[in-house]
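Notes follow the structure.
If you're wondering where the values come from, they're calculated on a predicted model, not measured in any experiment. Chain identifiers are assigned alphabetically (A, B, ...) following the order of the sequence lines, protein sequences preceding nucleic acid strands; residue numbering begins at 1 within each chain.
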There are 2 protein chains.
Amino acid sequence: MTHEAGIPLGIRFRLLSDTPQDSAAQVVNDVVVGDYRDLETLRAFARGCDVITFDHEHVPIEHLRALEKDGIPVRPGPDALVHAQDKGVMRARLDALGVPCPRHRIVTDPQDVAAFAAELAQDAQDGPEGRDGGRRADGFPVVLKTVRGGYDGKGVWVVHSVEEAAEPFRAGVPVLAEEKVDFVRELAANVVRSPHGQAVAYPVVESRQVNGVCDTVVAPAPGLDEDLALRAEEMALRIAKELGVVGHLAVELFQTRDGRVLVNELAMRPHNSGHWSMDGAITSQFANHLRAVLDLPLGDPRPRAKWTVMANVLGGDYPDMYSAYLHCMARDPQLKIHMYGKDVKPGRKVGHVNTYGDDLDDVLERARHAADYLRGTITE
Amino acid sequence: MTHEAGIPLGIRFRLLSDTPQDSAAQVVNDVVVGDYRDLETLRAFARGCDVITFDHEHVPIEHLRALEKDGIPVRPGPDALVHAQDKGVMRARLDALGVPCPRHRIVTDPQDVAAFAAELAQDAQDGPEGRDGGRRADGFPVVLKTVRGGYDGKGVWVVHSVEEAAEPFRAGVPVLAEEKVDFVRELAANVVRSPHGQAVAYPVVESRQVNGVCDTVVAPAPGLDEDLALRAEEMALRIAKELGVVGHLAVELFQTRDGRVLVNELAMRPHNSGHWSMDGAITSQFANHLRAVLDLPLGDPRPRAKWTVMANVLGGDYPDMYSAYLHCMARDPQLKIHMYGKDVKPGRKVGHVNTYGDDLDDVLERARHAADYLRGTITE
């Protein structure tokens, strides 16, 4: 999708891809297949590139520092990207900035988790804010996350007892414990920042999750208080600035029952919660990410329609989704289909659809229908 | 641009390109460099393709018939495409359909041109319609066109005397003489038709020419009488149906002083007069061309903005247009730049810009400014 956004600007890509079958490798015409964890592969790849950017956060920070020393601009740079790679570093930094987050602590074993839970229980008794969210007297449930490598619910556990807390420690990697926030919904504030400090904010969206995976995004978030929206945008812009982000920053947020927003996750790349912008905004997140990475002036992030809905298409039982185009396109001539060319596996994100219009119920129904039909969970 | 439109649908291209530097070859990842005039090249290329389509009209008709015999779907097919290749065949067919065209005749030498001019002069005296358009008593000026291979004013002469009429015959190719129409402006009716006969019509646009090259397109055509717009759309849909066009058909039209529309040219591919649709319509001409060629249901062709303006970017004195992005993007964060990756040569179409909005003067000014700045004819 970034390649797609680069074509009109004449921006050429060299792609480092794990396999020749990766989505981007199917459409970019200068592909190097190699392992992004290998410094020499990265060095050979980077030679002759004007700038390096990413579609995931997993390239080792020390390798990125080495590329920078070689004189290759890396955007976002390693000093920013570490906050998207390591949830422990991210939480510590946001704390230092005074950005509201769920309560959290790096934990080393299940007993540590139980102690953290007990503190949460104590706070809930003492606190005026009604933040208990169904928490029991022992402070459970608690959310545990591996500090690195989590994605779409992987590397995240909701544990209800000290016994259940054993599982996340088995991999021997650091674990972050967080309070289970009593949220009314999830939001995302997407911003883009360029090296010389220009920044734009997309409207705050609502992100609806099913089984820990983003199902639907509504832009803008329906019924969101204007002050709260502004606070969320300002918070995302401030994080982008303080962390020195270059490119797209998605700040995933919890909207709490008591009217606050807490930062859940950060992503420093075009993000699922911004896919609506491809058809719903004047400038898409992909175009603005590219413009930021190249230090070009940023494009207008405002919506083109009153409502835009993005629904993720998950893999279903049918390996071929193309034949479903016939029904979906005939039913809704305004539908926008974006498929990624991935092998279809049940539950895997293999594409998304966008719809837009003036009537939110209609726009939601059209997106929902198309995503379900493409997946094969409905047949008419 | 067709590749760009194919990415979201997971449609993969194999490209036959004259050189590895062609615009499309820079972004498509399966490129065969070869001569489209050579049948064996075409056959080897076509093997394994699901369907063949074009970004120009010059592939020999007999070769396309051979590919069809080999079982390769060719869309638009040779029986349709011949009308876009050969202006003599096109005029004869439109006459047979009763579609209004400028008066015309295949001519074999300058004396023939003079005889044709004399008839025009006679008609103008007899006719009630005031069609003389500044024609002299001898019927000149007359427009001469090579029946094949003309493009952007090349292969077209406006001759004012029998002496001037000698030039077009020097190449030894058939020549079509046409009356010089007294038009108030040029319009274009863009339609898309699929193999099973579904068709959509884009709003009729105004196309403004400078030195025989399209300079600006305004969508929809300002102040166009609704009945005339409807007649033009119906005419284009009828031509697409009668000629068996599959894919995009652009019908370039003259709007005459006496309120008629006459067909100037046909193009059977996404066309310059439809480039506005990339940012201005719900479904772009490229997406709809692809959907037609694949016999998928067509997308909604309606505009997303009150006004959209496309301005072609011509090559100027500066080989590097990228540095101009800084000014253009900073001045107008809503500007859409589409560059083709072509070598910059003075006067060559190397890209276009789109602008849209509610105020036509503003939208026109923004497009004009950006196109002029990119070309280098203004510097602030």
Partner chain A: residue of H338(B), Q26(B), M278(B) with the largest heavy-atom pair count (under 4.5 Å): Q26(B)

Indicate whether the side chain of D279(B) and that of T308(B) have a donor and an acceptor atom separated by less than 3.5 Å. no

Less than 4.5 Å to any heavy atom of chain B: does that hold for the side chain of L294(A), its backbone, both, or neither? both

Dump the intermediate steps for side chain to side chain donor-acceptor pair (under 3.5 Å) on N288(B) and H248(B), then the final yes or no. CA-CA 7 Å; N288(B) 260 339; H248(B) 191 92; over 6 Å; no

Winner by heavy-atom pair count (cut-off under 4.5 Å) against chain B, out of Q198(A), M1(A), R304(A): R304(A)

Derivation and outcome, side-chain contact (heavy atoms from CB on, under 4.5 Å), residues H369(B) and I378(B): CA-CA 8 Å; H369(B) 179 95; I378(B) 57 174; 3.5 Å; yes

Side chain to side chain donor-acceptor pair (under 3.5 Å) between T53(A) and H289(A), worked out: CA-CA 9 Å; T53(A) 190; H289(A) 179 74; 2.9 Å; yes

Could you walk me through whether K306(B) and D359(B) pass the salt bridge (Lys or Arg N to Asp or Glu O under 4.0 Å) test, one step at a time? CA-CA 8 Å; K306(B) 187 173 175 193; D359(B) 177 344; over 6 Å; no

Interchain contact, F13(B) with chain A, by part (heavy-atom threshold 4.5 Å): neither

Tell me whether D320(A) at atom CG has more than 12 heavy atoms from other residues, nucleotides or ligands lying less than 6.0 Å away. yes

Max heavy-atom pairs within cutoff under 4.5 Å with chain B, candidates V28(A), L335(A), I7(A), N29(A), goes to N29(A)

Please check if atom CZ in R302(B) has more than 12 non-hydrogen atoms from other residues, nucleotides or ligands closer than 6.0 Å. no

Max heavy-atom pairs within cutoff under 4.5 Å with chain B, candidates S23(A), A330(A), P297(A), goes to P297(A)

Go through M339(B), H3(B), R291(B), K336(B) and name the one with the most non-hydrogen pairs under 4.5 angstrom from chain A. R291(B)

Turns out that what part of A25(B) lies under 4.5 Å from chain A's heavy atoms comes down to backbone

Atom group of D332(B) that falls short of 4.5 Å from chain A, counting heavy atoms: neither

In terms of heavy-atom proximity below 4.5 Å to chain A, should R12(B) be classed as side chain, backbone, both, or neither? side chain

Side chain / backbone / both / neither for V27(B) at chain A, heavy atoms under 4.5 Å: both

Kindly compute the distance separating CG (L296(B)) from CE (M329(A)), expressed to the nearest 0.5 Å. 5.0 Å

